[in-house]
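Data first, discussion second: the structure below is written as structure tokens.
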Amino acid sequence: MITRRNFTAGAATLLAAGHISTRARAATTSWDMSTVWPDGNFHTQNAMAFAEEVKKQSNGSVAITVKAGGQLGFKGPEHLRAVRDGLVPLADVLNIQQVGDEPFMGVESIPFLCGSMDELKVLHKYVRPEYEKVAARNNQKILYIVPWPTQYLHLKVKVADVEGLKNIKIRVPDKNAVDMLAVVGMAPVMIPWGETIPALASGAVSGVSTSSVSGVDGKFWEFLKYVYPTNHVWSSQMLTVNLDSWKALSADQQKLVADIAAKMEPGFWANSLKADADSLARLKEGGMEVVPVSDAMMKDIRAKTAPQLDAFVKRVPAAEKPVRSYLAEMKRG
């Protein structure tokens, strides 16, 4: 098994070529796909379904093996670079965790930019071309993009207003979330998913900002008691392939894989909605209470975080046109 730690230059050559045999272009191409999410996560299930369909329609000439749960040793924030450098041919990249390398990838984490998955689809109409540019300059191609469901605050304590959130140490996945929750008075800590459960178990944090799906993945009911449907940010997973590996495929293979990805992506979005409903029910079964957020509390959170939209587009000029175009279409410009 190839890991970040035992990776060698020789392995890089094999991965960049997509493991294609030098004897014939038609030989089987074997790709490992890295993801930090466990087998039961819907994103991993999506990837497995995609891999199976590619194998079936290519008659086994393109074989993708999904390495779930961080088996290959890469953390979420490392995936863009790992694919770029040929350390792994494919990865399920969480966009918002790549902002250290590509700030535009944090556009979906502008607080309250989108209020629903339907609105997110409109946003993607404008930001996806930019995502494609980001991928290309990082030596990769996006095969499909699938959003996480709506976001929640998972906490140990019950609160009724923003004042109650003050100084709560909460895990967040990216820098933009740090900025957002800091302005509402919380004490956010940026922690990769693989380190989140140990942080909860040790008491390093007493809350997590994430989806209901991740709440189930982490069995949050063992550590936390309350779920707040704040729906404050969005994020998406991008299945990307190293361009050297991609170019090693025949033109027919490239078309086949790209067509399968495009055809399956809408269903993967639907899976996201279903995963949210199923996971929220499971959190309740585990003993967590879903606490409605009052209008006054939501108004306060929105007011405190509103300046972050203009701050983001000022900091990331490439976001100005797509974000303003989206807002105009939503009649919020």
Side-chain angles (χ1 to χ4, degrees), residues 42-43 46 76 80 92-99 101-138 140-152 172-181 209-214 229-240 261-262 264-276 298 301-303 305-333:
F42 81 96
H43 282 297
N46 285 345
L80 188 73
D92 201 16
V93 179
L94 177 54
N95 59 354
I96 60 172
Q97 288 190 327
Q98 317 310 313
V99 295
D101 295 314
E102 292 287 352
F104 184 86
M105 295 288 253
V107 66
E108 292 174 35
S109 64
I110 296 173
F112 304 106
L113 183 61
C114 298
S116 68
M117 200 167 286
D118 285 339
E119 291 185 7
L120 186 66
K121 287 179 181 178
V122 178
L123 178 65
H124 272 220
K125 180 172 70 174
Y126 296 104
V127 301
R128 185 153 185 162
E130 295 299 323
Y131 286 154
E132 300 281 3
K133 292 176 186 176
V134 168
R137 65 173 170 258
N138 283 273
Q140 52 205 283
K141 172 183 174 62
I142 296 171
L143 294 177
Y144 62 71
I145 303 178
V146 183
W148 283 91
T150 185
Q151 298 289 291
Y152 301 83
V172 297
D174 67 293
K175 177 61 168 62
N176 291 332
V178 169
D179 295 341
M180 175 191 171
L181 294 182
S209 171
T210 192
S211 67
S212 60
V213 176
S214 292
T230 46
N231 192 27
H232 48 287
V233 294
W234 294 82
S235 61
S236 298
Q237 296 288 147
M238 303 176 174
L239 182 63
T240 70
M264 297 186 78
E265 183 175 314
F268 292 163
W269 280 61
N271 291 345
S272 180
L273 282 172
K274 183 178 186 303
D276 178 51
M298 283 304 304
I301 293 174
R302 285 176 176 272
T305 59
Q308 292 190 7
L309 190 155
D310 286 337
F312 185 91
V313 297
K314 182 178 181 179
R315 185 170 71 250
V316 186
E320 176 82 28
K321 184 176 179 180
V323 168
R324 299 302 181 193
S325 297
Y326 160 75
L327 291 172
E329 180 164 339
M330 303 305 297
K331 301 190 184 330
R332 289 165 50 195

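Annotation: side chain of Val316 is not in contact with side chain of Glu130 (no heavy-atom distance under 4.5 Å). Using a 4.5 Å heavy-atom cutoff, the side chains of Tyr152 and Asp276 are in contact. Side-chain contact between Tyr144 and Met264 is absent, with no heavy-atom pair separated by less than 4.5 Å. Trp269 places a side-chain heavy atom less than 4.5 Å from the side chain of Pro147. Between Asn138 and Glu102, the closest side-chain pair of non-hydrogen atoms falls below 4.5 Å. Put simply, the side chain of Ser209 reaches to within 4.5 Å of the side chain of Leu181, judged on heavy atoms.
In this structure, CD1 in Ile142 is found 10.0 Å from CG in Leu239, a value given to the nearest 0.5 Å. Separating the CG atom in Leu80 from the CG atom in Leu94 is a distance of 11.5 Å, to the nearest 0.5 Å. Distance check, rounded to the nearest 0.5 Å: CE of Met117 to CG of Leu123 gives 12.5 Å. Here the CG-CZ distance, from Leu327 to Arg332, works out to 5.5 Å after rounding to the nearest 0.5 Å. For the atom pair Ser109 OG and Met180 CE, the distance stands at 10.0 Å (nearest 0.5 Å). The distance from atom CE of Met298 to atom OG1 of Thr230, rounded to the nearest 0.5 Å, is 6.5 Å.
Defined by atom type and a distance below 3.5 Å, a donor-acceptor pair is present between the side-chain atoms of Asn46 and Asn271.
Contact between Trp234 and Ile96 at its shortest, heavy atoms only, is O-CG2, 4.1 Å. Closest of all the heavy-atom pairs between Ser211 and Trp148 is OG-CE3, 3.4 Å. Glu108 approaches Ser236 most closely through the heavy-atom pair OE1-OG, 2.8 Å. Pairing each heavy atom of Phe312 with each of Ala319, the nearest pair is CE2-CB, 3.6 Å. Of all non-hydrogen atoms in Met105 and Asn95, the two that sit nearest each other are CB-O, 3.1 Å. Taking each heavy atom of Leu113 and Glu119 in turn, the nearest pair found is O-OE1, 4.3 Å.
Aromatic pair Phe42/Phe268: centroids not less than 6.0 angstrom apart.
At least one donor-acceptor pair closer than 3.5 Å links the side chain of Asp174 to the backbone N or O of Asn176.
In this structure Tyr326 satisfies the ring-ring contact (aromatic ring centres under 6.0 Å, His included) test with no other residue, sequence neighbours excluded.
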Derivation and outcome, salt bridge (Lys or Arg N to Asp or Glu O under 4.0 Å), residues Arg324 and Asp310: CA-CA 10 Å; Arg324 299 302 181 193; Asp310 286 337; 2.8 Å; yes
